[in-house]
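Residue numbers start at 1 and run along the sequence shown.
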Amino acid sequence: MSALILALIAGAVVGLALGALGGGGSVLAVPALIYLLGFTPAAATTASLIIVTATSLTALFAHARTGDVRWKAGALFAAAGLLPAAAAGAAASRLPQPVLTAAFAVVAALAAVRMLRPGRTGRTAPGPAAGEARPARAAGTGAGLGALTGLLGVGGGFLVVPALVTVLAFEMQAAVGTSLLVISANSLASLATRGATTAGVNWAVVGPFIGTAILGAWDGRRLAAKVTGTLLQRAFAVVLLAVAAFMLADALA
């Protein structure tokens, strides 16, 4: 199968994940770029950030139109994580890749298990002000997740959604929409620190990947509108568990 077709298929899957689940884009994009499209890990990380930034901004616009973005809490959450993400990113360059991969898998698995806990899946906080009155908790959680995002080199949506649901008591739809604001900010900040590395991106592959990812994000948003928050939460957790198992097996191989 040609690289172009693989890029189109992978892009559609990443877009669906971001649009419907509010996360998982980098988690899915990086393995696809490495194992399907032959990118080096460094090139895959940079390309993934470009793809996820473009797709997240598109999906964010779609969720904002339906009022599923909590702008105040989301902006505070994102801003609090920028400096920790930069510091952790510098530290990550000194750690062995298998250690980072294993840490990524463990964190993803823990987030998935927490989302699947019976006491968490039905937790909601109705009303447009959910999470808005918790600035200290939003800032503290955002800083912690920013550090993890910088260390693991992803947009962080797979961590942001569980945090918004379990720490700030967001309903799932609002968590999905608000996470896209955080993902966009984190990805843009990460890209800004990479500078010249974006010059070597293979746009013949990344361009089509972005195109189908954006289309997939719109389809994912429509899917999210038709599915209950509990089902979305469980689907998100299953995706995390599958990715965690794959990455842990790769790190231990």
Practice prompt. Say whether Trp218 and Ile183 are linked into one hydrophobic cluster, either directly or through other cluster members, by side-chain heavy-atom distances under 4.5 angstrom.
Written response: yes

Item to complete: To the nearest 0.5 angstrom, please state how far the OG1 atom of Thr178 sits from the CD atom of Glu171.
Response: 8.0 Å

Discussion item. Is there a path of hydrophobic side-chain contacts, each under 4.5 Å between heavy atoms of I/L/V/M/F/W/Y residues, joining Leu6 to Val52?
Written reply: yes

Worksheet entry | By side chain to side chain contact (heavy atoms under 4.5 Å, CB included) - contacts of Ala64 (at least two apart) | Val69, Trp71

Worksheet entry | ring-ring contact (aromatic ring centres under 6.0 Å, His included) against Tyr35, all qualifying residues, sequence neighbours excluded | Phe246

Item to complete: List the atom of Val182, the atom of Gly74, and the distance in Å for their closest heavy-atom pair.
Response: CG2-O, 3.8 Å

Worksheet item: Any side-chain heavy atom of Ile50 sitting closer than 4.5 Å to one from Trp203?
Response: yes

Item to complete: Kindly indicate whether the side chain of Phe39, heavy atoms from C-beta on, has any atom under 4.5 Å from the side chain of Val206.
Response: yes

Item to complete: List the steps and the verdict of side chain to side chain contact (heavy atoms under 4.5 Å, CB included) for Phe77 and Leu181.
Response: CA-CA 9 Å; Phe77 201 98; Leu181 174 62; over 6 Å; no

Item to complete: Could you tell me the separation between the CD1 atom of Ile9 and the CD1 atom of Ile5, rounded to the nearest 0.5 Å?
Response: 7.0 Å

Discussion item. Any non-hydrogen side-chain atom of Ser48 less than 4.5 Å from a side-chain atom of Leu33?
Written reply: yes

Item to complete: Kindly say whether Leu49 contributes a backbone atom to a donor-acceptor pair with the side chain of Ser187 at under 3.5 angstrom?
Response: no

Item to complete: Walk me through it: do Leu180 and Val160 pass the test side chain to side chain contact (heavy atoms under 4.5 Å, CB included)?
Response: CA-CA 9 Å; Leu180 292 165; Val160 176; over 6 Å; no

Response to the item:
Taking every heavy atom of Thr55 against every heavy atom of Ala217, the minimum-distance pair comes out as CG2-CB, 3.8 Å

Worksheet item: So which heavy atom on Ser56 is nearest to which on Ser184, and how close?
Response: CB-OG, 3.4 Å

Worksheet entry | Heavy-atom closest contact (Ala54 atom, Ile210 atom, distance) | CB-CG2, 3.8 Å

Worksheet entry | Connected via hydrophobic side-chain network under 4.5 Å: Val106 and Leu241 | no

Fill in: Exercise: identify the closest heavy-atom pair between Leu60 and Gly177
CD1-O, 3.8 Å

Worksheet item: Val176 versus Met172: any side-chain heavy-atom pair under 4.5 Å?
Response: yes

Worksheet item: Looking at side-chain heavy atoms only, is the closest gap between Leu164 and Val161 below 4.5 Å?
Response: no

Worksheet entry | Main-chain N/O of Phe209 paired to Thr212 side chain as donor or acceptor, under 3.5 Å | yes

Discussion item. Could you report the tightest heavy-atom contact between Val165 and Ala175, atom names first, then the distance?
Written reply: CG2-CB, 3.6 Å

Worksheet item: Under a single-linkage definition using a 4.5 Å side-chain heavy-atom cutoff for Ile, Leu, Val, Met, Phe, Trp and Tyr, are Val30 and Val99 assigned to the same hydrophobic cluster?
Response: no

Practice prompt. List the steps and the verdict of side chain to side chain contact (heavy atoms under 4.5 Å, CB included) for Leu4 and Val205.
Written response: CA-CA 6 Å; Leu4 176 59; Val205 172; over 6 Å; no

Worksheet entry | Listed partners of Ala147 passing side chain to side chain contact (heavy atoms under 4.5 Å, CB included), at least two apart | Pro84, Ala88

Worksheet entry | Same apolar cluster: Val107 and Leu145, side chain cutoff 4.5 Å | yes

